[in-house]
J.: 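The structure's right below; bear with me while I get my questions together.
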Amino acid sequence: PAEPTMVLRLKFLNDTERLARVRPGDTVGALKRDYFPGQEQQVRLIYQGQLLRDDTQSLAALHLAHNSVLHCHISQHSPAPAPAGPRASTDPVHAALNVGSLMLPLFVLMLAVLWYFQLQYRHVFTATATTFLAGLTLLFSFMAFTMYRR
């Protein structure tokens, strides 16, 4: 006789739900393959607060009942394979300008210009403005050091 099917509710972070028709003998890995093809490595399934790490575990072993809720988190970052050959660099998605990497040099340039003006036009800067500039420089230096120390 055929194994009975049951319905699981896959609930996502944005509160949308998707129904999955499965058999109790199916594994967590099979569920990921069937309902998230090509994204198996990025999908994290959570049942009753426990992350389902073992893809070989059967749904029956997890004591999943009909209409049980599995919380789904799909990570945007996956271990991508290294680009191969010279054509990989011509990919427009990877060749896009990364504005985040320009923030550090931009802030360094802005602070350097402010310090230049402070030294050249000392009479325009009040003691409070100079104190804030020094504080901003110290804060930025500390943040840059802690971020790029890794």
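Predicted, not measured: the structure shown is a model, and the values here were computed from it.
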J.: Suppose the criterion is side chain to side chain donor-acceptor pair (under 3.5 Å): which pairs have a residue in residues 61-70, not counting sequence neighbours?
T.: none
J.: Side-chain contact, heavy-atom cut-off 4.5 Å: P24 with L59?
T.: no
J.: Quick one: list whatever passes side-chain contact (heavy atoms from CB on, under 4.5 Å) with L51, sequence neighbours left out.
T.: R44, I46, R53
J.: Shortest non-hydrogen contact from Q57 to A61?
T.: CG-CB, 4.1 Å
J.: Return the set of residues passing ring pair (Phe, Tyr, Trp, His ring centres under 6.0 Å) with F125 (not counting sequence neighbours), or none when no residue passes.
T.: none
J.: Measure the CG-CG distance between L31 and L52 for me, rounded to the nearest 0.5 Å.
T.: 9.0 Å
J.: Taking transitive links into account, so neighbours of neighbours count too, which hydrophobic residues share a cluster with V69 at under 4.5 Å side-chain distance?
T.: none
J.: Hey, could you give me the CG/CG distance between L62 and L64, rounded to the nearest 0.5 Å?
T.: 5.0 Å
J.: Got a sec, which hydrophobics cluster with M143, joining ILVMFWY side chains under 4.5 Å apart, including via others?
T.: L139
J.: Would you give the length of the straight line joining atom CZ of R21 to atom CG of D34, rounded to the nearest 0.5 angstrom?
T.: 13.5 Å
J.: Are F145 and F142 in one and the same hydrophobic cluster, where Ile, Leu, Val, Met, Phe, Trp and Tyr link if side-chain heavy atoms are under 4.5 Å apart?
T.: no
J.: Show the nearest heavy-atom pair for residues S58 and G25, with the distance to one decimal.
T.: CB-O, 4.1 Å
J.: Please identify each residue that fulfils side-chain contact (heavy atoms from CB on, under 4.5 Å) with M110, with sequence neighbours left out.
T.: L106, F107
J.: Within this structure, what is the CZ-CD1 distance for the pair F36 and I74, rounded to the nearest 0.5 Å?
T.: 5.0 Å
J.: Does Q118 form a side-chain contact (heavy atoms from CB on, under 4.5 Å) with L133? I'd like the steps, not just the answer.
T.: CA-CA 9 Å; Q118 200 282 335; L133 181 58; 4.1 Å; yes
J.: Begin from the C-alpha positions of V43 and L45 and carry the test side-chain contact (heavy atoms from CB on, under 4.5 Å) through to its verdict.
T.: CA-CA 6 Å; V43 174; L45 298 175; 3.9 Å; yes
J.: Excluding sequence neighbours, so at least two apart, what forms side-chain contact (heavy atoms from CB on, under 4.5 Å) with Y121?
T.: F117, H123, V124
J.: Using residues 5-19 as the side-chain source, report each donor-acceptor pair under 3.5 Å to any protein atom, sequence neighbours left out, with the distance given to one decimal.
T.:
from : atom 1 : to  : atom 2 : distance (Å)
R9   : NE     : E17 : OE1    : 3.0
R9   : NH2    : E17 : OE2    : 3.0
N14  : OD1    : T16 : N      : 3.2
N14  : OD1    : T16 : OG1    : 2.7
R18  : NH1    : Y35 : O      : 3.0
R18  : NH2    : Y35 : O      : 3.1

J.: Report the residues that fulfil side-chain contact (heavy atoms from CB on, under 4.5 Å) with S141, sequence neighbours left out, ordered by chain and then residue number.
T.: T137
J.: Using the test side chain to side chain donor-acceptor pair (under 3.5 Å), find all partners of T128 that sit at least two apart in sequence or belong to another chain.
T.: none
J.: Under the rule for salt bridge (charged side-chain N to carboxylate O under 4.0 Å, His left out), what residues qualify as partners of D55, not counting sequence neighbours?
T.: K32
J.: For F132, give me all partners under ring pair (Phe, Tyr, Trp, His ring centres under 6.0 Å), at least two apart in sequence or on another chain.
T.: none
